[in-house]
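Scroll down for the structure; my scribbles are underneath it.
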Amino acid sequence: MMATVHLQYFNQTGWLAFFNGTETEICRQVNVEGWDKETGTALVVHAKRGALRPVTDYEDFSHLESADQVVGAIPGGGWRAHWHTEGPGGTPLTEQVLAWLITSNGRATPITMDAYGHVEDANSADAFIPPGEVLG
């Protein structure tokens, strides 16, 4: 069982565009891929046209939110993430930190992978256990 975590958003530009949805499309979030050089408007990929389009071209555009920009990744190094009550039936759960994502603001975000191959950030862990140490 994977721990209940808040999934952190990462992308290249550090911004996400949110759309309310229309009669033909559900609510969605899309990575901002860049900025229009003349207007400064955020650009997103229009999949059907295969081109970048300004977010303001979409009638259901809602707002932008910041995301973390990953500038590097380092191996987990034997660290483990531990949750007191996130295992089966509220039991403890410990998972290996697969990697640490390093963001442009200098934060190291632990990434874990469960037995099913699901990858999540482990920011909600109750404790991080250094290599070679036993949880006390």
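Of all heavy-atom pairs between N123 and P110, the closest is OD1-CD, 3.4 Å. A17 and F61 get closest at one heavy-atom pair: CB-CE1, 4.2 Å. Scanning both residues, C27 and N20, for their nearest heavy atoms gives SG-O, 2.5 Å. The shortest non-hydrogen separation linking G21 to D60 is N-OD2, 2.9 Å. Between G77 and P131, the closest heavy-atom pair is O-CG, 3.0 Å. Here the closest heavy-atom approach between residue H82 and residue P92 is recorded as CE1-CB, 3.6 Å.
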| Trace of the side chain to side chain contact (heavy atoms under 4.5 Å, CB included) decision for F19 with V30 | CA-CA 8 Å; F19 298 87; V30 180; 3.8 Å; yes
| request: For the pair V45 and L52, evaluate side chain to side chain contact (heavy atoms under 4.5 Å, CB included) and give the outcome as yes or no after the intermediate values. | output: CA-CA 5 Å; V45 172; L52 292 176; 3.8 Å; yes
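Looking only at side-chain heavy atoms (C-beta outward), I129 and T94 come within less than 4.5 Å of each other. A heavy-atom distance below 4.5 Å is found between the side chains of I111 and V119.
Rounding to the nearest 0.5 Å gives a distance of 11.0 Å between OG of S62 and CZ of R28. Taking CG of L93 as the start and CZ of R80 as the end, the distance is 12.0 Å to the nearest 0.5 Å. Separating the CD atom in E33 from the CG atom in L43 is a distance of 9.0 Å, to the nearest 0.5 Å. The line from CH2 of W15 to CG of N31 is 13.5 Å long, rounded to the nearest 0.5 Å. For the atom pair L98 CG and D114 CG, the distance stands at 11.0 Å (nearest 0.5 Å). For the atom pair W79 CH2 and F128 CZ, the distance stands at 9.0 Å (nearest 0.5 Å).
For W100 and T109, the side-chain atoms include no donor-acceptor pair closer than 3.5 Å. When only modelled atom types and interatomic distance are considered, H63 and E65 share a side-chain donor-acceptor pair under 3.5 Å.
Between the D68 side chain and the T103 main chain, no donor and acceptor come within less than 3.5 Å of each other. Side-chain N or O atoms of T13 include one that pairs as donor or acceptor with a backbone N or O of V32 at under 3.5 Å.
Stacking of R53 on the aromatic ring of Y58 is recorded, both the 6.0 Å distance cut-off and the 45° axial limit being met.
In I26, the CD1 atom is not crowded: 12 or fewer heavy atoms of neighbouring residues, nucleotides or ligands sit closer than 6.0 Å.
Residues passing the side-chain hydrogen bond (donor to acceptor under 3.5 Å, both in side chains) test with T24 are T22, sequence neighbours excluded.
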